[in-house]
Amino acid sequence: MAEFIRDLKRTNSCGELTAKDVGKEVVLFGWVHNRRDHGGAVFIDLRDRAGLTQVVFEADAGKEIHDLSQELRYEYCIGVRGKVVSRGGNVNPRLVTGEIEVHAAQLSIFNRSETPPFLIEDKIDTAEEKRLKYRYLDLRRAPLQQTLMKRSQMNALTRSTLNRLGFVELETPYMVKHTPGGARNFLVPSRLNPGKFYALAESPQLFKQLFMVAGFDRYFQIVKCFRDEDLRLDRQPEFTQIDVEMSFVTQDDVFTAVEELVTTLWQEVLGVSIPKPFPRMPFEQSMRQYGNDKPDLRFGMKHVDLTEILRRLDGGGVAMWKGVQGIVKAVKVPASANFSRTETDKLEEIAKGMGAKGLARAKVSENGEWTQSPMAKSITPEARAAINAACEAQPGDVLLFQFGKESMVHTVLANLRLFLGKKLGLIPEYGTRENNWKFLWVIDPPLFEYNEEEKHWVAAHHAFTRPHDESIQYLETDPGKVLCYRYDLVLNGFEIGGGSIRLHDPNVQQRVFKAMGIPEKEAEEKFGFLLQALRFGAPPHGGIALGMDRLAFLLTGAESLRDVIPFPKTQKGTDLMTDAPGDADPRQLRELHIASTYKPPE
RNA sequence: GGGGUGUUAGUUAAGCUGGUUAUAACGCCGGCCUGUCACGCCGGAGGCCACGGGUUCGAGUCCCGUACACCCCGCCA
């Protein structure tokens with residue numbers, strides 16, 4: 001008899017046979033997804049990455065094969081030769097291959113399987129810890145396979161689209177010199193240069209600018225980046241960017257290219273057409289109305305800034321609002337929410353978790369008066385009317401207030417807004433309805449932000465961003481007023497990309513360093529090669545980096561970034577499958593001239 | 001660095017104000033079954049209740065600490 005793999009080649013996947021294939025003899029390879037043993041007939045759902053096909057082993061196929069089929073268990077890897085037969089009236093409408101089944105004439109068990117720690121099912125509620133430990137089994141599950149296959153498609157489309165637009169794919173080093181500022185680098189010791197270290201590149205930022213100096217004009221790369229920062233649902237220590245840089249362009253030219261790429265991805269992978277151009281919002285408006293620079297525009301509930309009103313009315317009779325340092329803002333919970341006491345207490349708990357001291361609230365009654373509020377008695381009618389009007393409050397609405405340091409107020413209310421949006425069901429379920437995809441460019445942020453601890457202005461993003469021409473005059477007199485050509489692409493509350501038009505004018509560059517209190521000499525030490533390169537006829541240029549993992553995460557509706565990365569890290573940056581990071585061999589450390597000063601706690 | 005949630009068979013969970021032998025479902029093992037597709041029926045095995053202290057006559061349950069996982073703040077130009 002012919003042997004599998006050597007003589008009998010796979011003829012079909014497990015996801016493609018239908019009624020039109022009835023009568024064919026086929027060879028299928030795959031894993032036992034399920035078995036239903038009826039004694040005289042054994043039914044097997046055979047699985048590969050394309051789908052499931054039912055295979056039947058009947059008693060009259062021969063004792064040997066029938067006996068062997070009764071040994072089959074979950075996740076055995078097998079090969080089957082048999083005939084495609086119509087299921088007649090027993091069609092399974094939930095399977096693509098549900099019209100047919102394969103009546104096995106030959107069976108080979110390639111490999112038996114230990115009892116798997118969890119069943120390979122589409123819907124799984126096993127702890128993620130277990131799934132990560134047995135990642136290769138988790139990756140057998142159809143949803144993860146489909147997600148990763150979509151990601152593969154995204155990679156291919158990115159290359160074809162950017163090639164079509166005239167971009168050149170070029171590579172940059174991962175092992176680079178540490179650059180100051182920005183994310184923490186992972187360090188790599190150099191054996192050949194004792195005491196010296198490489199850094200793993202947090203991004204190809206400086207190198208891609210050098211491609212522009214070199215004249216490549218349009219560069220892109222799908223590239224891994226490394227950042228030694230704390231993890232989040234949407235942050236991994238190693239992640240992938242679609243990195244883009246263009247010469248002789250304005251901000252609008254960059255937007256046009258990115259919109260072409262992103263809409264192509266959504267069109268080809270999801271069949272969703274996203275209107276172009278994407279809307280734009282000034283950074284200032286985003287902070288004012290949403291409290292962060294990545295607003296989720298799928299629902300309203302904008303913040304209302306009451307700072308000016310209360311300054312004019314001297315606190316409006318409320319002691320804690322009188323002469324307040326910072327800002328005062330409110331969010332309105334509509335009357336329809338009809339929150340219980342427990343639910344509003346929960347809101348306060350969330351606010352406190354974000355650094356708030358408390359969460360003052362007021363319920364608006366029919367005549368506009370406030371109830372269930374510590375301010376109800378002290379607030380002046382004039383201030384109350386002004387606040388009600390600013391919030392467009394209707395009877396039954398509940399106003400939530402937050403005051404104090406701007407960053408804290410924004411963090412608290414931005415997170416409350418998101419919580420309320422979810423709680424009130426204002427965010428549509430993942431699907432392909434087009435109104436689910438709220439792309440947005442956040443533009444014109446300030447070039448500098450003031451560092452309270454170090455008492456000087458620092459680059460809000462990086463020191464090579466081009467200021468608006470009409471802003472340059474404030475570089476010396478009022479640095480906080482300088483806006484720049486920096487932009488973030490936001491989708492449904494996630495930052496999926498960011499970039500800028502670069503500063504290629506050495507004179508303005510000098511003034512920027514000066515505003516940040518960086519002496520020329522220090523700038524040369526830190527960024528010497530780039531500054532030097534810019535002096536050799538560097539073209540005006542700009543670019544962007546898109547987070548490929550986040551794009552895939554949002555496009556596929558995954559629950560976490562970990563679901564779009566084959567082998568992700570846990571929140572502490574460990575790999576539960578390989579147990580990385582691990583101890584280093586003492587001999588290896590000696591070669592590197594490295595000793596650890598770490599002492600485990602007693 | 002900080003806040004929150006969780007940790008009980010292989011897996012997912014229940015286990016109340018502390019009290020005999022810690023339950024269930026799925027999975028696993030054995031048996032029966034020729035039309036199942038969440039197959040069914042009969043029987044069986046399986047536990048350092050995360051770890052370490054403490055309170056108590058008695059702790060899965062109460063207290064303290066630690067570890068791990070997840071979510072968030074800080075951090076991420």
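This structure is a prediction, so every number in the text was calculated from the model and none was measured. Proteins come first, then strands; the chains are lettered A, B, ... in the order of their sequence lines, and each starts at number 1.
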Nearest-Å distance, [atom1] ([X]) to [atom2] ([N])?
X	N	atom1	atom2	value
K357(A)	C73(B)	NZ	C1'	15 Å
D488(A)	C76(B)	CG	C1'	13 Å
F57(A)	G35(B)	CZ	P	18 Å
H103(A)	U34(B)	NE2	P	16 Å
D579(A)	A67(B)	CG	C1'	14 Å
Y134(A)	U11(B)	OH	C1'	11 Å
L561(A)	C76(B)	CG	P	19 Å
I120(A)	U11(B)	CD1	P	14 Å

- Item | Residues that R73(A) engages under salt bridge (charged side-chain N to carboxylate O under 4.0 Å, His left out), provided they are two or more places apart |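 By the salt bridge (charged side-chain N to carboxylate O under 4.0 Å, His left out) rule, R73(A) matches no residue at all.
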For [N] versus [M], give the span between their [atom1] atoms, rounded off to a whole number of Å.
N	M	atom1	result
G60(B)	G47(B)	C1'	11 Å
C16(B)	A50(B)	P	14 Å
G31(B)	A45(B)	C1'	15 Å
G10(B)	C42(B)	C1'	23 Å
C70(B)	G53(B)	C1'	27 Å
A24(B)	U5(B)	P	31 Å
C63(B)	G18(B)	C1'	13 Å
C75(B)	U12(B)	C1'	35 Å

- Message: Reading RNA chain B from 5' onward, which residue's closest nucleotide shows up sooner: V91(A) or K346(A)?
- Response: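 The residue mapped nearer the 5' terminus is K346(A).
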- Query: In terms of the nearest nucleotide of RNA chain B, which residue is placed more toward the 5' end: G355(A) or H462(A)?
  - Reply: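 Per heavy-atom nearest nucleotide, the more 5' residue is G355(A).
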Using the side chain to side chain donor-acceptor pair (under 3.5 Å) criterion, which residues pair with [X]? Sequence neighbours excluded.
X	value
E128(A)	R562(A)
H468(A)	D444(A)
R47(A)	H33(A), E75(A)
T570(A)	T574(A)

- Message: Which heavy atom of V42(A) sits nearest to which heavy atom of H66(A), and what is that distance?
- Response: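 Closest approach of V42(A) to H66(A), heavy atoms only: CG2-NE2, 4.2 Å.
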- Query: How long is the gap from CG on D37(A) to CD1 on I44(A), to the nearest 0.5 Å?
  - Reply: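 Reported to 0.5 Å precision, the distance equals 8.0 Å.
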- Kindly say whether, by distance alone, the side chain of E101(A) makes a donor-acceptor pair under 3.5 Å with the base of G35(B)?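 Result: at least one qualifying N/O pair found.
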- Message: Please determine whether any donor N or O and acceptor N or O are separated by less than 3.5 Å between the side chain of R227(A) and the base of C76(B).
- Response: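 By the distance-only test, no, there is no pair.
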Does [X] reach a base, just sugar-phosphate, or nothing at all? Heavy atoms under 4.0 Å.
X	result
D125(A)	sugar-phosphate
Q205(A)	base
A460(A)	sugar-phosphate

Between protein and nucleotides 42-46 of chain B, what N or O pairs are separated by less than 3.5 Å?
none

- Looking at R502(A), Q209(A), R466(A), which hits side-chain hydrogen bond (donor to acceptor under 3.5 Å, both in side chains) with H541(A)?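 So the option named by the test is Q209(A).
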Can you list the residues that meet the side chain to side chain contact (heavy atoms under 4.5 Å, CB included) rule with [X], with sequence neighbours excluded?
X	result
L137(A)	P116(A), P117(A), F118(A), I120(A), Y134(A), R140(A)
E524(A)	L531(A), R535(A)
D21(A)	L17(A), T18(A), K24(A), V84(A)

Among the candidates [options], find the nucleotide nearest to the side-chain atoms of [X].
X	options	value
D230(A)	G1(B), U34(B), C37(B)	G1(B)
R87(A)	C37(B), U34(B), C73(B)	C37(B)
A41(A)	U34(B), U12(B), U36(B)	U34(B)

Please give the nucleotide sitting opposite [N] as a Watson-Crick or G-U wobble pair, both distances under 3.5 Å, or none.
N	value
C41(B)	G31(B)
A13(B)	U23(B)
G6(B)	C68(B)
C76(B)	none

- Message: Donor-acceptor check, side chain of S286(A) to backbone of P282(A), threshold 3.5 angstrom: yes or no?
- Response: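 Side chain of S286(A) to backbone of P282(A): no pair is present.
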- Item | Aromatic plane relationship, H303(A) with H410(A) - under 30° parallel, 30 to 60° tilted, over 60° perpendicular |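 Geometry flag for H303(A) against H410(A): parallel rings.
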- Query: Using 30° and 60° as the class limits, which term best fits the ring planes of F513(A) and F464(A): parallel, tilted or perpendicular?
  - Reply: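 Answer is perpendicular, since the angle exceeds 60°.
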- According to a strict under-4.0 Å criterion, is R36(A) in side-chain N/O contact with OP1 or OP2 of C39(B)?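 The answer is yes; a side-chain N or O of R36(A) sits under 4.0 Å from OP1 or OP2.
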- Task: Check whether any side-chain N or O of N415(A) sits under 4.0 Å from OP1 or OP2 of C71(B), and answer yes or no.
- Result: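 False: N415(A) side-chain N/O out of range (4.0 Å or more) of C71(B) OP1/OP2.
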- Task: Would you mind listing every side-chain hydrogen bond (donor to acceptor under 3.5 Å, both in side chains) that reaches into residues 228-237 of chain A, with sequence neighbours excluded?
- Result: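 Sorted result for residues 228-237 of chain A: R184(A)-E229(A).
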- Task: Determine if F43(A) stacks with U36(B); use a centre-to-centre distance below 5.5 Å and an interplanar angle below 30° as the criteria.
- Result: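 Check passed, F43(A) stacks on base of U36(B).
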Where do N or O atoms of nucleotides 68-70 of chain B meet protein N or O atoms at under 3.5 Å, pair by pair?
| residue | atom | partner | partner atom | Å |
| --- | --- | --- | --- | --- |
| C68(B) | OP1 | K572(A) | NZ | 2.8 |
| C68(B) | OP2 | K572(A) | NZ | 3.4 |
| C68(B) | O2' | E129(A) | OE2 | 2.8 |
| A69(B) | OP1 | T570(A) | OG1 | 3.0 |
| A69(B) | OP1 | T574(A) | OG1 | 3.0 |
| A69(B) | O4' | E129(A) | OE1 | 3.4 |
| C70(B) | OP1 | Q571(A) | N | 3.2 |
| C70(B) | OP2 | Q571(A) | N | 2.8 |
| C70(B) | O3' | R562(A) | NH2 | 3.1 |

- Annotated protein contacts, base or backbone, on nucleotides 26-33 of chain B with a non-hydrogen cut-off under 4.0 Å, one of B, S, - each: -SSSS--B
